[in-house]
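Order of appearance sets the numbers: ligands from 1, and atoms from 1 within every ligand. Atoms considered below: every heavy atom in the structure, side chains included; atoms not considered: hydrogens, waters and symmetry mates. Because the structure is predicted, anything quoted here is derived from the model rather than measured.
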Amino acid sequence: MLEPPINQLPVPDLIIGSARLSDASGGERDHIYAATGRVTRSFPLAGALEVDAAVREARAALSHWRMMPGRERARLLRALGEAVLSHAEELAAIQTIETGAPISFSNGFPEVAASHFLYNAGWADKVGGEVVPVGTSAFDYTMEEPYGVVGAIIPWNASLIAASQVLAPILTPGNTVVMKPPELAPFASLRLAELALEAGLPPGVINVVTGGAEAGESLVRHPGVSKIHFTGSRETARQVLAAAAENIVPVCLELGGKSPLLVFSDADLMDAARQAMGAVVGLSGQGCALPTRVLVEKEVYSRLLVILKGLLRRVAVGDPLEPGTQMGPLVSAQACERVLAVIERARQEQDGNLLAGGTRMDGPFGDGYFIAPTIFSDVAEESALARDEIFGPVLSVMSFEREEDAIRMANSNPYGLAAYVFTNDLRRAHRVGAALEAGTVWINGMDQMEPSMPFGGYKQSGYGRLGGRAGIREFTRSKNVWLPVGPVNGGRLL
Ligand code: NAD
């Protein structure tokens with residue numbers, strides 16, 4: 001394995017207003033490089049003390065930021081987007097070091113991250129209100145106002161994109177933010193906040209408290225926070241909601257998924273199989289919207305399995321820093337053990353046929369957290385393999401006979417983040433797309449997620465939307481203003 005260029009990692013100090021803190025009340029934690037299991041560097045963990053200081057700074061920065069003309073906020077957000085692009089190589093390296101994602105994959109992240117700032121900047125001077133018809137004796141209008149300080153809790157996988165996707169619509173209408181990066185991968189979020197300061201965003205607009213669950217919980221419980229955005233797992237979301245209940249703050253939730261990929265017999269099978277492969281290559285299956293449940297029409301089922309098996313055999317698993325690598329390790333030793341336990345239980349309980357993979361990789365991979373790309377076929381519909389988010393390189397494949405069976409199977413899952421449909425029948429594409437319970441449906445392929453697309457979950461994949469006009473709406477609230485214009489008599493309108 002190549003040595004990770006850890007000199008590319010930012011100094012891991014907390015960012016609170018214009019101050020940098022290298023010590024924090026929660027102690028410190030080591031970051032581990034997933035390809036070798038070795039420590040890169042340690043970073044401070046925020047506790048309630050630092051979270052409180054960060055919320056105060058965010059509140060202090062609020063009036064200047066929200067009263068600033070929209071065109072000026074737009075200029076600063078565009079400058080941040082440009083800064084992300086001009087530091088693309090460095091940011092991609094940071095993501096690879098902190099998560100183990102192959103560099104061939106991380107190289108695409110900065111452009112996506114920048115696109116969120118560049119797109120949202122366009123809304124900064126267009127967020128207004130409307131005149132409300134109430135008759136001629138009064139004038140009534142609405143104002144779309146920022147909430148105030150938003151607490152943003154970020155997951156580790158593709159954290160640069162996850163942070164940008166959230167920060168851009170938070171900042172655009174004039175909110176300030178306290179961001180809690182993931183403890184498994186804190187560096188890209190920190191570098192992003194540094195770039196924001198360099199681009200001219202005033203100190204205090206983005207504050208960063210590196211830390212774990214304790215810092216996250218302190219942020220959610222802080223009375224100075226007016227809204228919470230949480231991206232992460234369904235299990236943590238339940239704790240976030242319980243904590244948010246104390247101050248009755250609104251919460252936006254972007255959670256996990258077990259997205260179905262429906263393959264009909266008239267589809268281009270190679271395209272469908274390549275899409276399914278995306279569920280294991282790149283992020284090693286550690287992505288919220290990946291198509292990890294493949295439902296295939298019976299007459300093409302065995303053909304698709306042959307293609308899938310062939311494609312998986314050729315996946316270049318390897319050193320994340322080698323440009324030819326398509327799939328790297330899982331993020332941590334715990335993640336690796338957890339996924340291996342899921343595979344083992346599925347084998348013991350005969351939840352499906354193990355067609356490929358299923359083992360931890362040894363030899364040069366032995367010190368890292370590598371699991372071979374894994375496929376189970378004939379997966380039992382009610383099994384954990386078919387229902388649970390595994391967050392590892394494991395594909396579950398099953399067959400269906402009729403369109404209505406495919407829809408029923410796709411929808412019979414508590415998650416509803418995304419769904420994929422492969423068919424060349426236009427009517428079926430629209431019919432099935434409409435019937436699927438998912439926040440996003442991709443038909444015949446998914447290339448990129450544009451920042452103009454509203455993204456979010458149905459069911460237990462969360463609620464609230466990031467992206468597009470919906471993302472701006474998510475981080476503004478409506479105020480109604482009523483003003484009498486008719487003659488007044490004793491406080492009553494005539
Ligand atoms: P996680 O739930 O373990 O952690 C997410 C964040 O929550 C981390 O920053 C963590 O420190 C923090 N946290 C932990 N306990 C907390 C608490 N009690 N209060 C407040 N914050 C707390 O998730 P993860 O492992 O970082 O990310 C993987 C999960 O995120 C998967 O389920 C994945 O599908 C989901 N995800 C969803 C999206 C989306 O857009 N829908 C995007 C990426 C990841």
Ligand-side contact atoms (ligand 1) for residue partner N157, heavy atom cut-off under 4.0 Å: 43 (C), 44 (C)

Test side-chain contact (heavy atoms from CB on, under 4.5 Å), reference V421, set V263, V441, N444, output is V441

Does ligand 1 have a heavy atom under 4.0 Å from the side chain of I153, from its backbone, from both, or from neither? side chain

Closest protein heavy atom to atom 35 (C) of ligand 1, given as residue, atom name and distance to 0.1 Å: G232 O, 3.3 Å

Starting from atom 20 (C) of ligand 1, find the nearest protein heavy-atom neighbour and note its residue, name and distance. G216 C, 3.3 Å

I'd like to check whether F455 has a polar contact with ligand 1, where a contact means an N/O of the residue lying under 3.5 Å from an N/O of the ligand. no

Compare all side-chain heavy atoms of L160 with those of I94 and state whether any distance is below 4.5 angstrom. no

Side-chain contact, heavy-atom cut-off 4.5 Å: L195 with R191? yes

Does T236 reach ligand 1 with a nitrogen or oxygen that is under 3.5 Å from one of the ligand's nitrogen or oxygen atoms? yes

Going by the atom numbers of ligand 1, which of them fall below 4.0 Å from some non-hydrogen atom of S233? 1 (P), 2 (O), 23 (O), 29 (C), 30 (O), 32 (O)

Checking side-chain polar atoms at under 3.5 Å, does E98 have a donor or acceptor matched by the opposite partner on S159? yes

By number and element, which atoms of ligand 1 are closer than 4.0 Å to a non-hydrogen atom of P155? 26 (O), 27 (O), 43 (C), 44 (C)

Given V394, I390, T374, the one that forms side-chain contact (heavy atoms from CB on, under 4.5 Å) with V342: I390

Atoms in ligand 1 with a heavy atom of L255 nearer than 4.0 Å: 37 (C), 38 (C), 39 (C), 41 (N)

Around atom CG of D23, are there more than 12 heavy atoms of other residues, nucleotides or ligands at under 6.0 Å? no

So do R387 and N413 actually touch side chain to side chain, heavy atoms under 4.5 Å? yes

When you measure from the side chain of N175 to the backbone of I170, do you find a donor-acceptor pair of N or O atoms at a distance under 3.5 Å? yes

Protein heavy-atom partner closest to atom 11 (O) of ligand 1 - residue, atom, separation in Å: E183 OE1, 2.6 Å

Can you find an N or O of S461 that's nearer than 3.5 Å to an N or O of ligand 1? no

I want to confirm something. Looking only at heavy atoms, which of Q286, R221, E389 is nearest to atom 31 (C) of ligand 1? E389

Please examine the side chains of Y33 and L321, heavy atoms only from C-beta on, and report whether any two atoms are closer than 4.5 Å. yes

protein heavy-atom neighbour closest to atom 5 (C) of ligand 1 works out as T231 O, 3.8 Å

Test of proximity, Q165 against ligand 1: N or O pairs below 3.5 Å: no

Protein contact of atom 24 (P) of ligand 1 - nearest heavy atom, named by residue and atom, plus distance: W156 CD1, 3.6 Å

Please say whether I154 places an N or O atom under 3.5 Å from an N or O atom belonging to ligand 1. yes

Taking side chain as C-beta onward, heavy atoms only, is I153 less than 4.5 Å from T236? no

Heteroatom proximity flag, F391 to ligand 1, N/O under 3.5 Å: no

Under 4.0 Å from a heavy atom of K180: which atoms of ligand 1 are those, numbered in the order shown and with their elements? 8 (C), 9 (O), 10 (C), 11 (O), 12 (C)

Only one of E389, K258, R234 passes side chain to side chain donor-acceptor pair (under 3.5 Å) with Q460; say which it is. R234

Less than 4.5 Å apart, side chain to side chain, heavy atoms only: is that true for P250 and Y147? yes

Give the atom numbers and elements of ligand 1 that come within less than 4.0 Å of a heavy atom of V240. 19 (N), 20 (C)

Salt-bridge criterion met for E217 and K180 (N-O under 4.0 Å): no

The closest protein heavy-atom partner of atom 36 (N) of ligand 1 is C288 CB, 3.6 Å

Tell me the protein heavy atom at minimum distance from atom 18 (N) of ligand 1, and give that distance in Å. Q239 OE1, 3.0 Å

Distance from atom 19 (N) of ligand 1 to nearest protein heavy atom, with residue and atom: E217 N, 3.6 Å

